[in-house]
Amino acid sequence: MTDNFSILDHLNPPQQEAVTFGEGPLLILAGPGSGKTRALTHRAAYLIKKNKINPENILLLTFTNKAADEMKERLAKLLDHQVTKQQSSSAAKLPFAGTFHSFCARILRIDGRQLNIPPSFTIYDTTDQREAIKMAMNEVDISEKQFKPIAILKTISQAKNELISATEYPQYARGLFQTNVAQIYLVYQKILKKHQALDFDDLLFQTVRLFQKEKQILTKYQNQFHYVLIDEYQDTNQAQYILTRQLVGKWHNLCAVGDASQAIYGFRGANYRNLLSLKNDFPDLKIINLEQNYRSTQIILDAANEMIKKNTNHPILNLWTQNGKGQLVSLYEARSELDEAAFIIKKIGEYLFQTNDFSPADFAVLYRTNAQSRVLEEAFLHASIPYRLVGGTRFYEKKEIKDCLAHLKYYANPQNKVAYKRIEKLGKRRLKKFLIFLKKSKEKNLSTLELLDKILKTTGYLDLYDVKNKDDLARLENIKELRSVATEFLDLTKFLENVALFEQEYPTSLEASLPSVTLMTTHAAKGTEYPIVFIVGLEEGLFPHSRSLLEKEGIEEERRLFYVGMTRAKRKLYLTYARRRLYFGQKSTNAISRFVNDIPSHFIEFANENLLE
DNA sequence: GGTCACACAGTTTTT
DNA sequence: CTGTGTGACC
């Protein structure tokens, strides 16, 4: 099985072409379900095994840790490696595979000194950033009521994505709001510097600046990474785009994989045009289309194809499959959001209880906004069908976790004023005890877990929670979970790095292990697949969302989102909309989504007739 | 220093 | 409707 050619087995001709493509820039346009990750990992494996490229000379960049982990795992399998979570890519025989952010953090810890970034810098997450923004606003005397800190933060983040520094920003600032942002931006950066902190955007921005300023450092990394492979290239922002160009500037061995039709993160700075402009950047760019789909039925693909064709701003792949035609797409018109939920329960019930072919895990319900989940949850609870909600508050964003981490962060870096303020808020007495403890324990070489336990004990933090209270118990459980993460990282710095850049697999509770119907936003559904998919709330103003109706670009992104949703379905797709809906306590009557009308009617059957009593 | 009431805002999300 | 965050009050 270690035979080189086994890597090419079970790959279709365009996939093989992508995998065996030699030197030079390569763009793989990969439709949904076309084996994109497969092509990418196989290509890396092929480079290593067949072309005898040293794994250390290959760089794999992704957007999420989940994707990076999957790459590593698949690659290890292809290379017959044993990888455990502990050693992961440090085992030297696998290429570096990680997110842009973790890659940049690594570079800045090594070479950031050139930009006066201390190697032990702290990474500020969104909550930390907000606190720092508030401090900055306070300092320049701009009221939080006049301008919302979050809005300021968003604007600064956008500027950083566009590689506009605090000193450059004033010259671009137009109008009252941006003039204020300009002032705050400068002070915000000053505060970050004083705290020895970088925010997520800084990780990218500072790395780009480092490469611009110190050519010999850029050359060092160019010489290390002869081959750069990037997943989901349509999701790159300007900073990531420039960074990529810097990295591949010497060898031009870029392999980018993506699909403009699945670009759904424009709102956070992603620009799918980066994918299209590769042609201009590299005149010798080789483009390979992966259009054979292994996931869905032909009817689902045809319906999705025809729908997405209404977009004119980007090229569209023509998906086809050897799977059968399959069933028509079902459309249900509900009277209300309750009726919509009832329909879904009824349908899932039929599959589950009238046949033996389905498990709850075979179903997904996709919605546009999180606020829609409640009604669905209640219906599932009522019907006793197990469900799993994807999303919600993320583990490291939870209050109790942030509280614990604040202590550890301050311990690691007393410059971290945001952490200090957070601890202070928990009570002056606790703070005092903590500070005394800090002085006493500095010399002792404590592991992360020992440290955490001692802090919890001396400050009496756990006393805030009552074991008999259900919510409090959940919080205590979360802290337990954090303790178990702490056991994995003896070194506090390593632990904090992990916390800042890697989301915990979560939850590990009982219900989650039971086969369950998945409820999630359509965004969260990207990259997943289910035999039976329901997309709900297909109404004008909801999907497409009212906030996107103004510009064409907004509508096109919503359409791509719907396309992503449709192409999650393997066997059967249900679309539903409600004539009347209660949303945020407000009644509304909406027209059916234009996207449903974009699907040719011969792919659709109406589910209502079957329900008439 | 801690609790409670009121105002208020509410796409989408990863790092 | 509901979670969050701020400010007033004990």
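Just so it is clear: chains get the letters A, B, ... in the order the sequence lines come, proteins before strands, and each one is counted from 1. These numbers were taken from a predicted model, which means no experiment stands behind them.
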Aromatic A:Tyr265 / basic A:Arg268 pairing, under 6.0 angstrom, 45° off normal: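 Relative to the ring axis of A:Tyr265, which defines the angle, A:Arg268 lies inside both limits.
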
Geometric cation-pi criterion, A:Arg109 with A:Phe121: 6.0 Å, 45°: yes

Side-chain H-bond candidate by donor/acceptor type, A:Asn478 with A:Glu400, under 3.5 Å: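 A:Glu400 and A:Asn478 do have a side-chain donor-acceptor pair below 3.5 Å.
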
What is the separation between atom [atom1] on [X] and atom [atom2] on [N], rounded to the nearest whole Å?
X	N	atom1	atom2	answer
A:His545	B:dG10	NE2	P	11 Å
A:Ile555	B:dT12	CD1	C1'	14 Å
A:Lys432	B:dG1	NZ	C1'	13 Å
A:Arg581	C:dC1	CZ	P	17 Å
A:Phe562	B:dT12	CZ	P	18 Å
A:Lys154	B:dA9	NZ	C1'	14 Å

Within the structure shown, what part of the strands sits under 4.0 Å from A:Lys148 by heavy-atom distance: base, sugar-phosphate, or nothing?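 Sugar-phosphate: the residue A:Lys148, judged by heavy atoms under 4.0 Å, touches backbone atoms but no base.
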
Under 4.0 angstrom, heavy atoms only, what part of the nucleic acid is A:Gln586 near: base, sugar-phosphate, or nothing?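 Nothing, no heavy atom under 4.0 Å.
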
Pick out the pairs of N or O atoms, protein on one side and nucleotides 13-15 of chain B on the other, that lie under 3.5 Å.
unit_1: B:dT13; atom_1: OP1; unit_2: A:Thr521; atom_2: OG1; d: 2.7
unit_1: B:dT13; atom_1: OP2; unit_2: A:Asn370; atom_2: ND2; d: 3.3
unit_1: B:dT14; atom_1: OP2; unit_2: A:Arg394; atom_2: NE; d: 3.4
unit_1: B:dT14; atom_1: O4'; unit_2: A:Arg268; atom_2: NH1; d: 3.3
unit_1: B:dT15; atom_1: OP1; unit_2: A:Asn65; atom_2: N; d: 2.8
unit_1: B:dT15; atom_1: OP1; unit_2: A:Asn65; atom_2: ND2; d: 3.2
unit_1: B:dT15; atom_1: OP2; unit_2: A:Arg394; atom_2: NH2; d: 3.2
unit_1: B:dT15; atom_1: O4; unit_2: A:Thr126; atom_2: OG1; d: 3.3

Please report whether the ring centroid of A:Phe225 lies less than 6.0 Å from that of A:Phe103.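 Judged by ring-centre distance (under 6.0 Å), A:Phe103 and A:Phe225 do meet the cut-off.
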
Polar-atom pairs under 3.5 Å, protein N or O versus N or O of nucleotides 4-8 of chain C: list them with distances, or write none.
unit_1: C:dG5; atom_1: OP1; unit_2: A:Arg130; atom_2: NH2; d: 3.4
unit_1: C:dT6; atom_1: OP1; unit_2: A:Lys134; atom_2: NZ; d: 2.8

With a 4.5 Å limit on heavy-atom distance, are the side chains of A:Tyr221 and A:Ile110 in contact?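 A side-chain contact exists here, since the closest heavy-atom pair is under 4.5 Å.
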
Is any side-chain N of the basic residue among A:Lys148 and A:Glu144 closer than 4.0 Å to the acidic one's carboxylate O?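 No, A:Lys148 and A:Glu144 are not salt-bridged.
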
Between A:Lys36 and A:Asp259, does at least one N-O distance fall below 4.0 Å, as a salt bridge requires?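 So A:Lys36 does not pair with A:Asp259 through a salt bridge.
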
Considering only atom C1', compute the distance from B:dT14 to C:dG3 and round it to an integer number of Å.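 Nearest-Å result for B:dT14 against C:dG3 at atom C1': 22 Å.
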
How far does the C1' atom of C:dG5 sit from the matching atom of B:dT12, given to the nearest Å? 23 Å

Are more than 12 heavy atoms, taken from residues, nucleotides or ligands other than A:Lys154, located less than 6.0 Å from that residue's NZ atom?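 Not buried by this count: 12 neighbours or fewer within 6.0 Å.
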
Answer yes or no: are there more than 12 heavy-atom neighbours, outside A:Gln586 itself, under 6.0 Å from its atom CD? no

On the nucleotide B:dG10, are OP1 or OP2 found under 4.0 Å from the side-chain N or O atoms that A:Arg368 carries? no

